[in-house]
Amino acid sequence: MSPGILAATTTRILRQLRHDPRTVGLLIAVPIVLMGLVYAMYDGSPAVSRILLIMLGIFPFVIMFLITSIAMLRERTSGTLERLMTTRTGKGDLLAGYGIAFGAAAAGQAVIASACAYWLYGMSTAGSAALVVLIAVLTALLGVGLGLACSALARTEFQAVQMLPVVVIPQILLCGLFVPRAEMAGWLSALSDVMPLSYAVEALQQVGDNAEPTSTFWVDLAVVGGCVILGLILAAASLRRRTP
């Protein structure tokens with residue numbers, strides 16, 4: 001991996017993102033608006049902080065999965081990826097470039113969304129807000145890795161969007177947002193155990209309930225981090241030249 005090529009790749013992706021105001025609006029405004037709807041629905045309920053906290057982990061994952069899978073699909077269908085693979089740009093440069101660029105976007109999104117949750121919607125947590133932002137960025141990177149990997153299975157942007165109910169929605173349903181994982185049926189709990197978003201949500205709940213990071217929190221954080229690496233490895237395996 002070359003630092004110069006990595007910097008050029010990251011700059012190119014960030015420039016593309018900056019020239020797409022609708023995507024930037026999606027990144028920044030949508031989580032704030034949706035959290036506002038949740039706040040309005042649960043106004044006055046003690047459950048509002050718990051739900052907003054979980055949503056801070058879910059939103060970056062969903063949005064980054066969607067944006068990354070479509071962005072990489074455009075690279076494939078436009079021939080840009082094919083041309084890049086004929087240059088000195090390696091898989092590591094390309095994946096790291098996507099990770100850094102979208103990671104930076106995710107960090108900005110997580111900071112703004114968390115600030116709104118704490119100051120605008122009155123969310124409270126026993127633990128540090130910095131840990132909440134850290135988990136939100138990790139879940140965003142998880143979305144980036146899975147989005148990059150799943151883009152290889154799609155041929156059109158419509159098919160890329162169809163990956164959402166297959167890869168993302170089951171994780172949202174079983175992560176503990178609607179029903180605590182401990183109260184699920186055995187087979188549902190087993191499915192939840194193999195889904196990385198469950199560990200991100202559990203880590204957020206640990207921050208919400210404990211002033212200091214617990215051993216469960218660190219285990220959850222390690223699992224999510226490992227899944228991010230696994231997702232990027234799968235993405236690297238999917239990057240191939242289609243012509244000899």
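This is a predicted model, so every value here is computed, not measured. This chain uses plain numbering: 1 for the first residue, then up along the sequence.
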Query raised in the report: Considering residues at least two apart in sequence or located in another chain, which fulfil the side-chain contact (heavy atoms from CB on, under 4.5 Å) criterion with Leu134?
Result: Leu131, Leu221
Query raised in the report: Applying ring-ring contact (aromatic ring centres under 6.0 Å, His included), which residue pairs with at least one partner in residues 179-234 are found, sequence neighbours left out?
Result: none
Requested in this report: Rounded to the nearest 0.5 Å, what's the gap from CD1 on Ile54 to OG on Ser49? Could you check?
Outcome: 11.0 Å
Pair up each side-chain donor or acceptor in residues 61-68 with any protein partner under 3.5 Å, not counting sequence neighbours, and list the distances.
unit_1	atom_1	unit_2	atom_2	d
Thr68	OG1	Met64	O	2.6

Query raised in the report: For Met184, does its backbone N or O pair with a side-chain atom of Ser189 as donor and acceptor, under 3.5 Å?
Result: no
Report task. Could you tell me which residues satisfy side-chain contact (heavy atoms from CB on, under 4.5 Å) with Ala211, sequence neighbours excluded, listed by chain and number? Result -> none
Listed pairs under 3.5 Å, donor-acceptor, residues 135-148 side chains, sequence neighbours left out:
unit_1	atom_1	unit_2	atom_2	d
Thr139	OG1	Gly57	O	3.1
Thr139	OG1	Ile135	O	3.3
Thr139	OG1	Ala136	O	2.8

Under 3.5 Å donor-acceptor pairs involving side-chain atoms of residues 163-173, not counting sequence neighbours:
unit_1	atom_1	unit_2	atom_2	d
Gln171	OE1	Leu197	N	3.2
Gln171	NE2	Val167	O	3.1

Report task. Not counting sequence neighbours, which residues clear ring-ring contact (aromatic ring centres under 6.0 Å, His included) with Tyr118? List them please. Result -> none
Query raised in the report: Of all residues at least two apart in sequence or in a different chain, which pass the side-chain contact (heavy atoms from CB on, under 4.5 Å) check with Val111?
Result: Val133
**Report entry** side-chain contact (heavy atoms from CB on, under 4.5 Å) involving Val219 - partner list, sequence neighbours excluded
**Finding:** Val223
**Report entry** side chain to side chain donor-acceptor pair (under 3.5 Å) against Asp193, all qualifying residues, sequence neighbours excluded
**Finding:** Arg181
Query raised in the report: Looking at residues at least two apart in the chain, or sitting in another chain, which of them share a side chain to side chain donor-acceptor pair (under 3.5 Å) with Thr214?
Result: Gln206
